[in-house]
2 protein chains.
Amino acid sequence: MAIEKTSDILFNTIDISIKKYRQLVQQSLVENDVDVTIDQWMVLSAFNETPDATQQQIANTINKDYASVTRMIELLVQKKLLKRTTHNQDRRRFNLSITPQATTLLKNLQPIMKANRKTALKGLKNNEIDQLNDLLNKIIANCEA
Amino acid sequence: MAIEKTSDILFNTIDISIKKYRQLVQQSLVENDVDVTIDQWMVLSAFNETPDATQQQIANTINKDYASVTRMIELLVQKKLLKRTTHNQDRRRFNLSITPQATTLLKNLQPIMKANRKTALKGLKNNEIDQLNDLLNKIIANCEA
DNA sequence: CGAAACTATTTGATGTATCAAAGTTTCCGT
DNA sequence: ACGGAAACTTTGATACATCAAATAGTTTCG
């Protein structure tokens with residue numbers, strides 16, 4: 001049956017779509033001589049929006065493993081895009097703040113990222129985007145149950 | 001605007017949905033004491049359907065990098081699920097064939113994988129699944145353009 | 001107070017993603 | 001037959017995914 005077949009390949013389609021989008025974004029970063037990965041950008045972006053977040057909160061925001069976040073932060077500190085200082089109230093954690101350099105970077109990337117989304121969603125109606133989001137959220141809920 | 005926001009998070013939603021689905025599948029593999037990863041299963045499955053395929057064809061079928069496929073095949077050979085013999089016609093490549101053990105594995109996994117898809121798609125109508133597929137394919141096309 | 005439970009983070013191990021470069025082997029045009 | 005283009009695959013390097021276990025600091029409560 002046709003629908004059987006579509007179900008079979010749907011997850012493949014989802015997989016490809018996110019890969020292609022990541023490629024598109026990564027390509028735009030390279031073209032603009034930005035030496036961060038998409039994932040690193042996500043970390044920076046999350047810290048920008050919630051400056052006093054713990055690493056776990058960041059990880060949850062961008063849907064990544066704590067371990068991955070730890071390692072990405074390490075790279076961002078090396079790149080001088082994040083600054084790590086001791087946390088007075090809780091010595092298990094650190095104060096992590098984005099550097100002025102990172103602030104500039106984020107500002108420059110904002111229109112680029114917006115353009116990427118626009119490119120990827122060209123021709124899709126608003127209600128289709130909403131629908132896509134809703135259906136995927138159903139799948140997510142199903143997988144978590 | 002609401003739609004702006006939805007666009008912003010859509011790719012996040014896509015990302016999460018594929019991750020959750022992979023978790024669901026991986027979990028089912030562990031529960032059934034199957035010592036292969038989803039990706040390794042995809043490779044085996046592809047070889048099963050196209051026994052005389054080149055590695056590149058396999059890679060294209062499952063949408064993975066040639067390099068990744070090379071390494072996954074190496075692991076599958078170690079696990080005795082794939083057999084590698086020299087190719088008489090073309091010495092650049094190998095004859096890769098799934099072992100009887102792999103055939104059994106694939107047969108056992110078939111209902112499990114089907115159940116996983118059913119679980120993940122519970123409550124979605126056939127036309128919604130089709131729609132999802134179509135919309136994602138549009139995004140893929142946009143990213144490739 | 002002090003042990004147990006909990007929280008935040010790191011580390012280790014294994015696997016995949018991605019791009020670039022290299023290694024072979026085959027094919028094709030002259 | 002020869003040289004270069006093309007094809008199939010591997011290797012290297014770096015980064016992220018995932019799960020489990022280890023660290024280290026904090027809180028709770030008897």
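In what follows, every heavy atom counts, from backbone to side chain, and hydrogens, waters and symmetry copies are set aside. Lettering of chains follows the sequences in order, A, B, ..., and the numbering in each one begins at 1. Keep in mind that what you see is a predicted model, and the values were worked out from it rather than measured.
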- Note: D52(A)-R93(A) ion pair, threshold 4.0 Å (strictly below): no

- Message: So which atom in K122(B) and which in N142(A) form the shortest heavy-atom distance, rounded to 0.1 Å?
- Response: O-ND2, 2.8 Å

- Shared hydrophobic cluster for I16(B) and Y66(A) (ILVMFWY, side-chain gaps under 4.5 Å):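 No: no chain of side-chain contacts under 4.5 Å links I16(B) to Y66(A).
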
- Item | 5' priority, DNA chain D, between D90(B) and R91(A) [closest heavy atom] | D90(B)

Starting at atom [atom1] of [X], determine the distance to atom [atom2] of [N], rounded to an integer number of angstrom.
X: D15(B); N: dA17(D); atom1: CG; atom2: C1'; value: 11 Å
X: Q26(B); N: dG15(C); atom1: CD; atom2: C1'; value: 10 Å
X: H87(B); N: dA7(D); atom1: NE2; atom2: P; value: 17 Å
X: I18(A); N: dT18(C); atom1: CD1; atom2: C1'; value: 16 Å
X: K20(A); N: dA17(C); atom1: NZ; atom2: C1'; value: 13 Å
X: I38(B); N: dA17(C); atom1: CD1; atom2: P; value: 10 Å
X: E31(A); N: dC19(C); atom1: CD; atom2: P; value: 13 Å
X: N95(B); N: dC8(D); atom1: CG; atom2: P; value: 15 Å

- Message: By the 4.0 Å heavy-atom rule, please label Q40(B) as base, sugar-phosphate, or nothing.
- Response: sugar-phosphate

- Side-chain-base donor-acceptor pair under 3.5 Å for R92(A) and dA24(D): no

- Item | Short side-chain donor-acceptor distance under 3.5 Å, T6(A) and N133(B) | no

- Of the nucleotides dT10(D), dA17(D), dC8(D), which has the atom closest to the K19(B) side chain?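 My answer, after comparing the listed nucleotides, is dA17(D).
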
- Query: Does the N32(A) side chain pair with the main chain of V34(A), one donor and one acceptor, at a distance under 3.5 Å?
  - Reply: no

- So, the side chain of S28(B) versus the backbone of V25(B): is there a donor-acceptor pair under 3.5 Å, distance only?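 Checked: pair present.
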
- Can you sort out which residues in residues 52-81 of chain A have a heavy atom within less than 4.0 Å of DNA chain D? Ascending by number, please.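 Heavy-atom contacts with DNA chain D come from K64(A), D65(A), A67(A), S68(A), R71(A), M72(A), L75(A).
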
- Message: Counting C-beta onward and ignoring hydrogens, is there a side-chain heavy-atom pair between L124(A) and L132(A) closer than 4.5 Å?
- Response: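 L124(A) reaches L132(A) side chain to side chain.
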
- Task: Hey, which sits more toward the 5' end of DNA chain C by its nearest nucleotide, L96(A) or R22(A)?
- Result: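 Upstream on the strand: L96(A).
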
